[in-house]
Number of protein chains: 4
Amino acid sequence: MTFNNNKAIYLQMADRLCDDILAGKYKADDRIPSVREYAVMLEVNTNTAVKAYEELARDGVVYNRRGLGYFVDPNAKEQIMQARRETFYREVLPEMFRQMKLLGIDINKVDEKWAEL
Amino acid sequence: MTFNNNKAIYLQMADRLCDDILAGKYKADDRIPSVREYAVMLEVNTNTAVKAYEELARDGVVYNRRGLGYFVDPNAKEQIMQARRETFYREVLPEMFRQMKLLGIDINKVDEKWAEL
Amino acid sequence: MTFNNNKAIYLQMADRLCDDILAGKYKADDRIPSVREYAVMLEVNTNTAVKAYEELARDGVVYNRRGLGYFVDPNAKEQIMQARRETFYREVLPEMFRQMKLLGIDINKVDEKWAEL
Amino acid sequence: MTFNNNKAIYLQMADRLCDDILAGKYKADDRIPSVREYAVMLEVNTNTAVKAYEELARDGVVYNRRGLGYFVDPNAKEQIMQARRETFYREVLPEMFRQMKLLGIDINKVDEKWAEL
DNA sequence: GTGGTCTAGACCACC
DNA sequence: GTGGTCTAGACCACC
């Protein structure tokens with residue numbers, strides 16, 4: 001995995017796991033790779049992977065079963081979607097609108113770009 | 001001023017000054033507040049304000065006249081607009097579209113929010 | 001059984017069996033459930049149940065008869081009571097008093113809660 | 001500082017800082033020792049001290065000012081007291097009562113010990 | 001000066 | 001096998 005330099009690696013790892021869960025790669029109560037496995041896969045240090053998993057557990061996206069590993073929380077998908085939706089409507093969109101006004105970009109331009117996808 | 005914890009304070013200060021210039025608060029060749037004044041206004045360390053001004057000077061948004069202070073570059077508005085437009089189309093918009101797809105948000109929803117402004 | 005995450009599962013299992021013995025569920029020389037039965041009952045790994053039983057055997061709370069299973073030691077109740085009383089007066093109570101002082105909770109409040117039971 | 005072997009060092013450090021705040025050693029908006037200073041003071045690794053501070057910040061007991069250090073949250077005392085009180089009434093007391101019943105210890109005995117302090 | 005992050009490597013309890 | 005914790009040491013942005 002190649003990492004963006006502007007964001008902590010462990011957060012990018014957590015984001016990526018969330019993306020994978022949303023995409024259906026790991027389903028409710030599925031076991032995700034062990035901390036060590038994941039660290040090796042992404043070529044990062046164990047501690048960094050640990051931090052990513054701790055973050056996810058704190059957010060209720062995964063849960064831990066002692067000696068067995070981490071598993072996808074049944075509500076993970078909802079949890080992630082909700083958190084991201086909130087960020088989207090509370091931060092991303094308003095900030096984008098603010099920029100658009102300052103830059104004199106109209107919403108048509110956005111619709112246009114969307115249509116091009 | 002309240003700062004976002006994920007971005008350097010000096011960059012947030014620079015952004016804010018750019019916003020003010022775009023909004024017409026400071027016009028071409030206007031003198032902007034002194035580093036110290038600005039530091040006091042925003043309750044930050046003088047060094048932080050210095051870095052913000054240096055950043056702006058490097059970007060050609062302001063220029064310095066020894067002993068007099070910093071002034072708005074005549075091309076500032078253009079400069080800022082151009083840089084931001086590029087960022088907008090190259091980073092902000094694509095990232096927003098990516099999130100919209102993951103979250104199942106349609107462009108209509110965005111249009112709607114825009115109309116509400 | 002739901003387990004506290006701060007204490008080893010096998011110790012919590014052992015505690016629970018001791019509770020049952022104190023409560024009279026298993027009496028002197030009664031056979032307790034087999035390791036495997038108990039593991040299934042509490043939904044834990046067999047190894048974990050084995051460790052719990054070994055712990056209890058080490059403490060003289062149960063004894064093993066080859067091929068027959070584990071049985072409650074005739075002195076189990078006494079043994080457990082004594083160990084717990086000691087812990088109670090040496091650790092539990094002093095720590096509770098310390099907390100009460102820090103939190104400004106008076107002994108009356110404790111008496112009150114006790115009366116409510 | 002000597003640490004109890006049954007609890008993570010970083011948690012014991014956090015507990016200790018909370019004790020100090022309750023005791024009035026650090027007051028609202030006081031700066032607490034820097035992560036590195038505290039690590040040296042207690043003879044632990046920097047990372048361990050970092051974990052303790054992160055924990056406290058997550059709990060709203062301290063807050064961070066970039067480049068300056070950690071400061072006591074104005075609500076820290078309340079926050080700590082409330083969290084501990086809750087634990088006391090929800091976990092410590094019920095568990096103690098349960099033990100007392102199993103051991104046949106009466107509340108008088110507790111009152112007595114309290115009086116002896 | 002301050003904290004945040006990361007690596008490398010170890011030990012340990014636990015399952 | 002699993003995760004949790006800890007050390008030692010480094011680099012970095014930031015104030």
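The sequence lines fix the lettering, A, B, ..., with proteins before strands; numbering per chain opens at 1.
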Protein within reach of the bases, or only the backbone? For nucleotides 8-15 of chain F, mark each nucleotide 5' to 3' as B, S or -, using heavy atoms under 4.0 Å.
BBBB--SS

Given atom CG of Asn4(D) and atom C1' of dT5(F), what is their separation to the nearest angstrom?
15 Å

Glu37(C): partners by salt bridge (charged side-chain N to carboxylate O under 4.0 Å, His left out), with sequence neighbours left out:
none

Polar contact flag, side-chain donor to acceptor under 3.5 angstrom, Gln99(C)-Glu95(C)
yes

Between the CZ atom in Arg16(C) and the CD1 atom in Ile9(C), the distance rounded to the nearest 0.5 Å is 13.0 Å

Reckon Arg65(A) has a side-chain N or O less than 4.0 Å from the OP1 or OP2 of dG3(F)?
no

CZ/Arg36(C): more than 12 non-hydrogen atoms of other groups inside 6.0 Å
no

In this structure, how many angstroms lie between the C1' atom of dT5(E) and the CZ atom of Phe3(A), rounded?
13 Å

CZ/Phe3(D) to CG/Leu11(D) distance, rounded to the nearest 0.5 angstrom?
11.0 Å

Between Asn5(A) (CG) and dT5(E) (C1'), how many Å, whole number?
12 Å

Give a yes or no on whether a salt bridge exists between Asp19(A) and Arg84(A), defined as a side-chain N under 4.0 angstrom from a carboxylate O.
yes

salt_bridge(Glu54(D), Lys51(D)) N-O dist < 4.0 Å
no

Take the protein atom CG of Asn64(D) and the nucleotide atom C1' of dG1(E), then report the distance between them rounded to whole Å.
14 Å

Which whole-number value in Å describes the distance from Met13(A) CE to dT7(E) C1'?
13 Å

Want to know the stems of DNA chain F: at least 3 consecutive Watson-Crick or G-U pairs with distances under 3.5 Å, which are they?
E:1-14 with F:1-14

Neighbour count >12 (heavy atoms, 6.0 Å) for atom CZ, Arg65(C)
no

Residue-phosphate contact under 4.0 Å: Ser34(D) side-chain N/O, dG1(E) OP1/OP2:
no

Fit a plane to each ring of Phe71(A) and Tyr63(A), take the angle between them on a 0 to 90° scale, and name the class: parallel (under 30°), tilted (30 to 60°) or perpendicular (over 60°).
parallel

Could you give the CZ-to-P distance, from Arg31(D) to dG1(E), as a whole number of Å?
11 Å

